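Every value quoted in this text rests on a predicted model; they were computed, and no experiment measured them.
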Protein chains: 2
Amino acid sequence: MITIKEHFNKYHRFLSKLPLFKGILEDDLTNFFRSMQVKQFHKGEMVTFNMDEHSKLYIVYEGLFKLTKIDEKGDEIVLSILDQGGVVSPMHFSPYYDVCAEFIKNTTMFYFTEKAVNDFSTKNHQFSINTIKFLADSVQTLMISAEVLQLKTAKEKVGWYLVHAKINNTFKLPYSKSLIASYLGMKPESFSRALTELKKDGVTLENKKIVLENGDELCKYCDKVSGSNCAFFQTELCIHD
Amino acid sequence: MITIKEHFNKYHRFLSKLPLFKGILEDDLTNFFRSMQVKQFHKGEMVTFNMDEHSKLYIVYEGLFKLTKIDEKGDEIVLSILDQGGVVSPMHFSPYYDVCAEFIKNTTMFYFTEKAVNDFSTKNHQFSINTIKFLADSVQTLMISAEVLQLKTAKEKVGWYLVHAKINNTFKLPYSKSLIASYLGMKPESFSRALTELKKDGVTLENKKIVLENGDELCKYCDKVSGSNCAFFQTELCIHD
DNA sequence: AACAATAATTGATCCAGATCAAGAAAAGAA
DNA sequence: TTCTTTTCTTGATCTGGATCAATTATTGTT
């Protein structure tokens, strides 16, 4: 039997490793984490993050879901895919803005109320800095997404995603193909066809593992920001100068 | 002859009215504004906001330009259109991320160095709050853009932009049609054709002024966030409940 | 007022990716 | 294992907006 305290310690260790809480004193964190609440969501569930009820800051402890916008026709765009460590902060949005969370796996989230977050921010400047960093990263990610979604062809989109996965997830596709396709703003059929195109260039998927003939086949799809995490960044093997 | 001091006072008055500096004591602002620097850009100029030189916070005093990303093929996406009061903060981005600023009019910008901004943020919590608000608004705007650009048809995009202009700019198109077209991710030809479609529904443009037959022709294109600034928001005349 | 230069419109054609449909493969469940 | 359900692939067809090309408006300049 695991006690509540043991649970709390486990959660605490998990949270304190997140970028949002980096560089903050143990004691300050412990205090803030006391206000933490837990919520479970089930696979298949769809929740609207509107302001009335969700003016909070959410952190994913485990699970998987996508943040989407759905229009009248039923078409959807995927704003982001969130799993362990992911952060959503509806508290920062307009009271009239809402997004839809579609849960792909059973998901456990921690949340803090707007008041608790703002109070902590007032008392702890490092937390304000981390919040600014988190939001700035979101801005940058959204700008890069806009670029990828609007400017790239189907093949380039998939190539871009694969090189991403190669660099950050060690050659493994983290999600199902259809989920990635929807994230890239394309249909599963087009994703599949793009993969056959890439196969001709020496890029194969073997059970979600990316297999390359020479090793540099995906480099041309790499953007500099995610590229900066690559082992070969700015060496003679890298396309980025 | 206008003295430097008079200039500074004029600039100071302008800056202190911006949301970014709301709720901050006069004295604190005066002190921070001392570190302000001014830079002019010319119509037609193109500048890459890369980190090496532009790790700063920029504020538009007057002029007009667009922030874009351009790919190898020469295709571009417009990330945002900036005029008086607009803020760009390359200092918050990754050192490997760069955007291109294309100046449409001669433009005067103020800027603060990353260090000055961070120091001010440390000393003044309200400025941190305002920075968080600014970035959160950027996130939300980008999410709404993503939705509009990916989900809407050409006609809907133009309708959405017009209803925007109707609510915020009192029935006036703020920029040229081609600029708006590129912001909406479409070609001027498609923009023009979308306008002819809208004309059939009673929406006419007379020298950049939006003229409506009944008055509610654009309501169906309205999103709730910009809709909340409409005079009829949540009355029986509004589609939003 | 006359003349660029730039912006906007209109028509004809094209194409990448969506849609529709059917089957194959993989993942879960019993 | 077998059966069911979901995911993925492949082929045929369709379509909205892009592209190309030619005028026509508008704006700014001398």
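When rounded to the nearest whole Å, the span between NZ of K187(A) and P of dA18(C) equals 7 Å. Going from atom NZ of K105(B) over to atom P of dT6(C) covers 17 Å, rounded to whole Å. Taking atom CD on E189(B) and atom C1' on dG16(D), their separation rounds to 14 Å, with Å as the unit. Per the geometry, NZ belonging to K177(B) stands 14 Å off C1' belonging to dT27(D), to the nearest Å. Between the CD1 atom of I180(B) and the P atom of dA7(C) there is a distance of 13 Å, given to the nearest Å. Distance CD1 (I104(A)) to P (dG28(C)): 14 Å, rounded to an integer number of Å. The interatomic distance linking F191(A) (CZ) with dT10(D) (P) rounds to 13 Å, in whole Å.
When each of dA18(C), dT10(C), dT10(D) is scored by its nearest atom to the side-chain atoms of M186(A), the top-ranked nucleotide is dA18(C).
Within the structure, every side-chain polar atom (N or O) of S190(B) is placed at least 4.0 Å from both OP1 and OP2 of dG17(D).
Note: Y58(A) and Y111(A) have tilted aromatic rings, judged against thresholds of 30 and 60 degrees for the angle between ring planes. Ring geometry for H54(A) against F49(A) counts as perpendicular: the plane angle is over 60°, on a 0 to 90° scale with 30° as the lower cut. Using bins of under 30°, 30° to 60° and over 60° for the plane-to-plane angle, the ring pair Y161(A)/H164(A) lands in the parallel bin. Aromatic ring orientation, F14(B) versus F110(B): perpendicular (interplanar angle above 60°, classes split at 30° and 60°).
Classification of K155(A) and D201(A) as a salt-bridged pair holds, one side-chain N sitting under 4.0 Å from a carboxylate O. A salt bridge does not link E217(A) to K166(A): none of the charged side-chain nitrogens sits closer than 4.0 Å to a carboxylate oxygen. Using a cut-off of 4.0 Å between Lys/Arg side-chain N and Asp/Glu carboxylate O, D98(B) and K69(B) are scored as salt-bridged. Taking the charged nitrogens against the carboxylate oxygens, D83(A) and K105(A) have no contact shorter than 4.0 Å, which rules out a salt bridge.
Both tests do not hold together for K187(A) against F191(A): distance to the six-membered ring centre under 6.0 Å, angle to the ring axis within 45°.
For DNA chain C, the residues of residues 193-212 of chain A within the heavy-atom distance limit of 4.0 Å (strictly under) are R193(A), N207(A), sorted by number. At a non-hydrogen distance threshold of 4.0 Å, T153(B), A154(B) from residues 147-164 of chain B come into contact with DNA chain D.
Taken over five-pair windows at either terminus, the axes of the helix from dA1(C)-dT30(D) to dA30(C)-dT1(D) are inclined to one another by 50° (rounded to 10 degrees).
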Salt bridge (charged side-chain N to carboxylate O under 4.0 Å, His left out) assessment of E72(A) paired with K220(B): CA-CA 11 Å; E72(A) 314 76 53; K220(B) 67 175 112 166; over 6 Å; no
Stepwise ring pair (Phe, Tyr, Trp, His ring centres under 6.0 Å) test for Y183(A) and Y175(A): CA-CA 10 Å; Y183(A) 176 68; Y175(A) 314 119; 8.4 Å; no
